[in-house]
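Worksheet: one structure, shown below.
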There are 2 protein chains.
Amino acid sequence: MDNTTPPAPKSDMTAGYILDTQVGFLLRRATQRHLTIFSGLIPAITSTQFAALSKLCELGPTSQNALGRATAMDAATIKGVIDRLRKKGLITSRRDPDDQRRIFVAASEAGSALYHDTVQSAQKVSEETLSPLSKAEQTVFLEFLSRLT
Amino acid sequence: MDNTTPPAPKSDMTAGYILDTQVGFLLRRATQRHLTIFSGLIPAITSTQFAALSKLCELGPTSQNALGRATAMDAATIKGVIDRLRKKGLITSRRDPDDQRRIFVAASEAGSALYHDTVQSAQKVSEETLSPLSKAEQTVFLEFLSRLT
DNA sequence: ATCGGATTGTTCGTATACAAACAGATTTTG
DNA sequence: CAAAATCTGTTTGTATACGAACAATCCGAT
């Protein structure tokens, strides 16, 4: 009576790990695709910069670090984003008179205008990113995804 | 007959866009969380480096660019990853004698050892990342996520 | 055989992203 | 009030990530 199931070679001990099905790898690829869609529809500004600008338009003038917290960027990251947005003339910044540590940032005229001009495209970016899923699937997916944050 | 739904002020025209519910923002935050879990469980190597190393162990010796394609990294990115893996002694590389353009990369002894020693932790990373979802939800989520790549 | 196109890897520039160390300002505590 | 703890923003270093331009090599069509 021979064993009908051939013994797995030693090298198969790690066959259980398939990179292409790991959540981290899939998250990275989905993010890549999303960023491609974003830069295609909104070439003027990056996804991260748009996130900061939109939060700024939503919240009004905010301190730099607070804006970073609201957009999930650490202090070092938000500084770079703010610097680049200011260089583009999309935001203004000034010291908070009540707290000499803080820097108040606010959307400039040009920043508000750009935001209002691109927010519909941003909606399209989200739609196109999710377009491989049905409406019902999109709802489920977003609900699950939001639980993984 | 007064209109019972009060007219939205002009500034609300963009209220439909809430950053925190956009798929791109959620993808970024989920990726952040995943990377935090990864570096907590596998401090020796980054998520990206592990991806390259695991694909290398799966495929055997491969050209640098081909490995990049297999791990969704462009030529410039995979170069940096390969350089850092080689500096750590986890891979070796040599010119392909049959094609002077190509560079063959392969996992070193240390690289294979590290991979086999950490692959179970990598499984745990995926599990922990998905742990806010039930098993059934995880299956659905991964299926949807893989469709967005 | 050679020329034109494709592929491979490199380099540069820009943009996130985060850890760690830091200085200055403010707040909390004792 | 004074010391300690906290918060704010900056800087440095490292690691992805990608577009664009480039040289060397290979390959296919003529």
Side-chain angles (χ1 to χ4, degrees), chain A residues 24-25 27-40 42-53 62-88 90 93-105 149, chain B residues 24-25 27-40 42-53 61-88 90 93-105:
Chain A
F25 187 69
L27 282 172
R28 189 159 68 83
R29 296 222 293 150
T31 300
Q32 285 175 343
R33 176 166 162 276
H34 171 258
L35 292 178
T36 300
I37 293 169
F38 193 101
S39 67
I42 307 182
I45 202 179
T46 69
S47 171
T48 310
Q49 289 165 13
F50 183 84
L53 184 60
T62 319
S63 86
Q64 184 176 295
N65 275 10
L67 182 61
R69 267 177 251 120
T71 52
M73 302 178 207
D74 76 355
T77 300
I78 192 67
K79 183 194 189 304
V81 175
I82 290 293
D83 286 351
R84 287 181 284 275
L85 284 173
R86 187 175 34 233
K87 195 197 266 185
K88 292 185 185 189
L90 300 176
S93 56
R94 58 181 171 76
R95 217 93 214 179
D96 181 345
D98 296 341
D99 187 336
Q100 289 302 316
R101 296 170 304 179
R102 284 202 179 92
I103 293 179
F104 258 118
V105 290
T149 54
Chain B
F25 187 68
L27 282 172
R28 190 160 66 84
R29 296 222 292 151
T31 300
Q32 286 175 343
R33 176 167 162 275
H34 171 259
L35 292 178
T36 299
I37 293 170
F38 192 101
S39 66
I42 307 180
I45 202 181
T46 69
S47 171
T48 311
Q49 289 165 14
F50 183 85
L53 183 60
T62 320
S63 85
Q64 184 175 296
N65 275 10
L67 183 60
R69 267 176 252 119
T71 52
M73 302 179 207
D74 75 356
T77 300
I78 192 66
K79 184 195 188 301
V81 175
I82 290 293
D83 286 349
R84 287 182 285 274
L85 285 173
R86 187 174 36 231
K87 195 197 267 186
K88 293 184 184 190
L90 300 176
S93 57
R94 59 183 170 72
R95 217 92 214 178
D96 181 344
D98 296 340
D99 187 337
Q100 290 300 121
R101 295 169 303 177
R102 284 206 179 87
I103 292 180
F104 258 118
V105 290

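Letters A, B, ... mirror the listed sequences (proteins, then strands); counts begin at 1.
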Does B:R33 use its side chain to pair, donor to acceptor, with the backbone of A:T149 at less than 3.5 Å?
no
Distance below 4.0 Å between B:T48 side-chain N/O and D:dA17 OP1 or OP2
yes
Donor-acceptor pair, A:R28 side chain versus B:T71 backbone, under 3.5 Å?
yes
Rounded to whole Å, how long is the line connecting atom CG of B:L67 with atom P of C:dT8?
13 Å
Would you please test B:L90 and B:I45 for side chain to side chain contact (heavy atoms under 4.5 Å, CB included) and show each step?
CA-CA 10 Å; B:L90 300 176; B:I45 202 181; 4.1 Å; yes
Please report the closest heavy-atom contact between A:H34 and A:S47, naming both atoms and the distance.
CE1-OG, 4.0 Å
Looking only at side-chain N and O atoms, does B:R84 come under 4.0 Å of OP1 or OP2 in D:dT16?
yes
Roughly, in whole Å, what's the span from CG in B:N65 to C1' in D:dA17?
15 Å
5' precedence on DNA chain C between A:G80 and A:D98 (nearest-nucleotide basis)
A:G80
If you compare every side-chain N and O of B:Q32 against the phosphate oxygens of C:dA17 (OP1, OP2), does one of them come in below 4.0 Å?
no
Write down the distance between CG (B:D74) and C1' (D:dT16), rounded to a whole number of angstrom.
10 Å
Could you tell me whether A:T77 contacts a base, only the sugar-phosphate backbone, or nothing, with contacts defined as non-hydrogen atoms closer than 4.0 Å?
base
Which whole-number value in Å describes the distance from B:K87 NZ to D:dT16 P?
12 Å
Distance check needed: D:dT8 P versus A:Q100 CD, whole Å only.
15 Å
A:D83/A:K87 salt bridge by N-O under 4.0 Å criterion
no
Phosphate contact (C:dA17 OP1 or OP2) by B:R28 side-chain N/O below 4.0 Å:
yes
Among D:dT12, D:dG9, C:dT16, which nucleotide sits nearest the side chain of A:R102?
D:dG9
Nearest-Å distance for atom pair CZ/C1', residues A:R94 and D:dG9:
17 Å
Looking only at side-chain N and O atoms, does B:R69 come under 4.0 Å of OP1 or OP2 in C:dT8?
yes
I want to check one thing: is the phosphate of C:dG24, taken as OP1 and OP2, less than 4.0 Å away from some side-chain N or O of A:R101?
no
Both A:T36 and A:A66 contact DNA chain D. Taking the nearest nucleotide for each, which residue is further toward the 5' end?
A:A66
Output yes when at least one side-chain N/O atom of B:Q64 is less than 4.0 Å from OP1 or OP2 of C:dT10, else no.
yes
What one should report as the nearest heavy-atom pair of A:Q32 and B:A72 is NE2-O, 3.0 Å
Euclidean distance, atom CG of residue B:D83 to atom P of C:dT10 [Å, nearest integer]:
7 Å
At under 4.0 Å between heavy atoms, what does A:D99 touch on the DNA or RNA strands: base, sugar-phosphate, or nothing?
sugar-phosphate
Within the 4.0 Å heavy-atom criterion, would you say A:S39 contacts the bases, only the backbone, or no part of the nucleic acid?
nothing
B:K79 atom NZ is separated from D:dA17 atom P, nearest whole Å, by 16 Å
I want to check one thing: is the phosphate of C:dA15, taken as OP1 and OP2, less than 4.0 Å away from some side-chain N or O of A:T46?
no
When B:V81 and B:A76 are each assigned the nearest nucleotide of DNA chain D, the 5'-most assignment goes to B:V81
Could you check whether A:S47 gets within reach of a base, just the sugar-phosphate, or nothing at all, counting any heavy atom under 4.0 Å?
nothing
Between A:Q49 and C:dT16, is there a side-chain N or O to OP1/OP2 distance below 4.0 Å?
yes
